[in-house]
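Contents: one structure, followed by commentary.
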Amino acid sequence: MSRVGLRRRRRWCRSIPWTTLGLLLCLVGASLARWVPKIPHCPPTCSCTKDNAFCVDTKAIPKSFPQGIISLTMINVGFTEIPAGSFSHLHLLQFLLLNSNTFTLIANDAFAGLTHLQYLFIENNDIQTLSTHTFRGLKSLIHLSLSNNNLRVLPRDLFRHLDILTDLDLRGNSLLCDCKMKWLVEWMGRTNTSVPPMVCADPLEFRGRRIRDLVPEDFHCMSADFAVYETFPFQSVSVESYTLNGELFIVFAQPYTGICTLYVWDDMGQAFRKHYNITSHSAIHCKPVVINNMVFMVLAQLFGGSYIYKWEEASQHFVKIQDIDTVRVLKPNFVETFQLEDDLFFVMADSSKAGLTTLYRWNSNGFYSYQSLHPWHRDTHVEFLEVDGTPWLILSSISQPPVIYKWNRSRRQFAFSGHLPDAADVWMVRHFNVSGTLYLCLGRFIGDSRVLRWEGQQFVEVQTLPSRGSKAALPFTVAGRQYLVLGSDYSFSRVYLWDKEEQRLWPFQELNVRAPRAFNLISIKNQDFLFAASFKGSTLVYEHLMLDLSAK
């Protein structure tokens with residue numbers, strides 16, 4: 001109570017008769033005066049009427065206004081941020097105008113508590129972005145103006161909870177019409193809210209276009225990422241897979257222990273767990289072959305001969321059933337399998353000076369040598385493909401350009417056809433198809449790798465790819481996207497992505513794999529994994545993740 005009020009109270013108390021009742025009235029009156037709240041006055045920087053307040057040059061949002069205020073205007077204020085709950089004490093407010101200020105930030109729930117607010121104007125400020133839940137709680141809002149700010153992007157679903165919004169003004173902002181604004185185009189296509197025409201400031205392809213004229217298909221917002229999913233604490237030089245009785249198995253050749261290691265996919269743990277080891281001493285490639293629900297393992301070794309094992313279901317073991325002819329294959333480097341005219345073959349590339357790359361055929365009892373190819377040229381890789389309906393084998397060699405063998409149907413053998421021109425130092429050849437067009441990737445260890453396109457009579461070079469030290473390459477397709485991964489012994493391995501419009505590969509992502517020797521794409525239900533076999537580091541598993549950039 002003020003001093004004047006206190007003096008008046010004392011005079012009144014002295015004026016009443018000194019009876020018990022009079023004394024009691026005096027005490028009660030003093031108590032009530034102490035607890036009845038003071039009626040707030042209009043803040044010094046504002047002018048007020050019964051239900052309206054107009055503020056200029058205010059240094060902060062006043063905490064007290066006359067009761068019953070339903071309209072508030074604040075211009076040229078002396079602060080730049082509007083924190084959460086700034087107006088919650090004005091719960092009857094219906095009209096709020098915050099124009100011509102220097103606001104740069106409006107926090108989440110800045111207008112919390114204003115359940116009766118119908119009109120909100122935030123114009124001619126310096127706001128570049130808004131928080132996701134800036135307007136949360138404004139369930140009665142029918143008119144919102146954010147015109148003439150510096151807004152570039154708007155958070156996804158910014159207007160989701162403004163259920164009865166009828167007018168929205170976004171004019172005068174430099175809006176960036178990228179994937180983060182795709183949601184706004186979708187929202188404008190289905191809302192009944194009136195939105196005056198506004199245009200895109202960027203990117204160049206949309207500059208000057210009205211946002212209402214855009215459609216969601218104008219935005220290319222799906223991207224991807226290869227993220228490390230699992231790490232195996234061993235080195236490997238080959239990675240293959242097969243399925244048996246509904247279970248997926250991964251097979252690694254380990255260069256230092258010399259064994260073939262099998263892992264199996266664990267649905268419960270959503271991971272790969274160790275399953276079995278095939279004991280050997282110098283495994284360079286472990287190639288599974290499934291025939292009539294029987295699993296065979298072609299185990300290529302650097303020394304001591306190569307073998308074929310068979311999985312015995314009863315004993316749950318791999319049992320050696322056959323030796324590979326050591327006179328023909330002395331130093332194997334790669335194994336390729338393929339089906340041809342109802343026959344199953346595998347071909348083993350020999351990288352020794354005196355060995356023979358050899359073709360083997362299944363004859364219901366085992367695999368037997370069928371044809372010798374390309375003697376004494378130190379082959380490093382074999383690629384099977386079909387060109388215009390004719391089966392081909394392309395053998396890569398460190399001693400000469402890759403050679404082409406074509407299948408002769410009358411003789412039922414592969415016949416030498418020629419070389420890939422101007423293709424020295426090719427460690428591996430891989431093929432892929434895009435929209436019916438055949439391409440080859442020539443992975444080179446010293447020079448740049450190359451991409452060739454089949455032109456009907458010959459392959460024509462269309463692109464070179466930097467890839468120093470490449471001994472592993474793999475083209476693969478995931479989610480309709482064509483990739484090519486090239487390993488490197490000297491730097492990061494690189495994943496390339498095919499550009500359909502420009503008909504070429506562009507760098508997409510780098511993978512930190514030490515001395516990669518093999519890649520393999522393995523799909524499990526809705527997950528896609530890229531395995532990277534490392535000669536000098538841990539074997540890595542990357543998961544291919546699709547990212548919707550418009551969802552951020």
Side-chain angles (χ1 to χ4, degrees), residues 46 51-56 58 61 69-77 79-84 86-88 90 92-177 180-181 183-201 210-214:
C46 305
D51 55 9
N52 176 75
F54 188 97
C55 304
V56 181
T58 304
I61 298 174
I69 288 294
I70 62 172
S71 173
L72 172 62
T73 297
M74 301 185 71
I75 295 176
N76 197 33
V77 299
F79 54 96
T80 60
E81 297 183 8
I82 303 179
S86 294
F87 303 95
S88 58
L90 299 171
L92 298 178
L93 210 59
Q94 299 178 23
F95 179 100
L96 178 58
L97 187 146
L98 304 170
N99 288 4
S100 302
N101 298 296
T102 55
F103 296 142
T104 58
L105 177 64
I106 303 178
N108 283 333
D109 301 310
F111 307 101
L114 300 183
T115 57
H116 298 287
L117 191 68
Q118 299 180 41
Y119 298 89
L120 176 57
F121 297 84
I122 311 174
E123 302 172 344
N124 299 297
N125 287 281
D126 196 26
I127 307 166
Q128 296 187 12
T129 186
L130 296 167
S131 299
T132 304
H133 301 297
T134 294
F135 304 117
R136 184 160 54 185
L138 297 180
K139 62 182 182 180
S140 299
L141 196 67
I142 60 174
H143 187 103
L144 172 62
S145 179
L146 298 167
S147 64
N148 298 308
N149 286 285
N150 286 322
L151 289 170
R152 293 284 286 165
V153 296
L154 300 174
R156 185 178 180 86
D157 297 331
L158 181 65
F159 312 121
R160 172 186 290 181
H161 303 293
L162 305 182
D163 298 328
I164 63 173
L165 188 67
T166 59
D167 295 284
L168 172 66
D169 193 349
L170 293 169
R171 292 174 296 180
N173 290 291
S174 300
L175 294 174
L176 173 62
C177 298
K180 293 180 180 179
M181 292 288 277
W183 75 269
L184 181 63
V185 173
E186 295 172 333
W187 179 81
M188 290 176 63
R190 64 176 183 266
T191 185
N192 292 323
T193 303
S194 175
V195 184
M198 51 187 173
V199 299
C200 301
R210 296 200 312 174
I211 294 180
R212 186 170 287 281
D213 293 338
L214 299 176

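In this structure, OG1 on Thr73 lies 8.0 Å from CG on Asn99, to the nearest 0.5 angstrom. Rounding to the nearest 0.5 Å gives a distance of 11.5 Å between CG of Leu117 and CG of Leu92. Separating the CG atom in Asn150 from the OG1 atom in Thr129 is a distance of 11.5 Å, to the nearest 0.5 Å. Going from atom CD1 of Ile106 over to atom CG of Leu146 covers 7.5 Å, rounded to the nearest 0.5 Å. Rounding to the nearest 0.5 Å places CD1 of Ile69 at 8.5 Å from CG of Leu93. Note that the CD1 atom of Ile164 and the NE2 atom of His161 stand 14.5 Å from one another [nearest 0.5 Å].
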Quick one: side chains of residues 138-145, donor-acceptor pairs under 3.5 Å with protein atoms, not counting sequence neighbours, listed by atom name and distance.
unit_1	atom_1	unit_2	atom_2	d
Ser140	OG	Thr115	O	2.6
Ser145	OG	Glu123	OE2	2.4
Ser145	OG	Ser147	OG	3.4

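Panel note: side chain Asp126, backbone Thr104; no donor-acceptor pair is recorded below 3.5 Å. In this structure, Arg152 contributes its side chain and Ser174 its backbone to a donor-acceptor pair below 3.5 Å. The closest donor-acceptor contact from the side chain of Asn173 to the backbone of Asn149 lies under 3.5 Å. Proximity of a side-chain donor or acceptor of Ser86 to a complementary backbone N or O of Pro83 within less than 3.5 Å is detected. At distances below 3.5 Å, at least one donor-acceptor pair connects side-chain atoms of Asp169 with backbone N or O atoms of Arg171.
For Asn148, the side chain to side chain contact (heavy atoms under 4.5 Å, CB included) test picks out Asn124, with sequence neighbours left out.
Put simply, the side chain of Ser194 reaches to within 4.5 Å of the side chain of Asp167, judged on heavy atoms. Using a 4.5 Å heavy-atom cutoff, the side chains of Asp51 and Ser71 are not in contact. You'll find the side chain of Ile122 stays beyond 4.5 Å of the side chain of Ile82, heavy atoms only. When side chains are defined from C-beta on, Phe54 counts as touching Ile75, because their heavy atoms get closer than 4.5 Å. By the 4.5 Å heavy-atom criterion applied to side chains, Phe135 and Leu165 are not counted as neighbours.
Taking the six-membered ring for Trp and thresholds of 30 and 60 degrees, Phe111 and Phe87 have nearly parallel ring planes, at less than 30 degrees apart. Between Phe159 and Trp183, the angle of the ring planes lies from 30° to 60°, which puts this pair in the tilted group.
Residues Thr102 and Asn125 come closest through the heavy atom pair N-OD1, 3.7 Å. The two atoms that bring Leu90 and Leu114 nearest to each other are O-CD2, 3.1 Å, heavy atoms only. For the pair Leu184 and Leu170, the tightest heavy-atom approach, listed with the atom from each and the gap, is CD2-CD1, 4.4 Å. The two residues Leu105 and Ser131 come nearest to each other via the heavy atoms CD1-OG, 4.5 Å. Across all non-hydrogen atoms, the minimal contact from Ile211 to Val199 is CG1-C, 4.3 Å. Considering every non-hydrogen atom in both Phe79 and Met74, the closest pair reads CZ-CE, 4.2 Å.
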**Asked** Passes side-chain contact (heavy atoms from CB on, under 4.5 Å), Val195 versus Trp187? Steps please.
**Response** CA-CA 11 Å; Val195 184; Trp187 179 81; 4.3 Å; yes

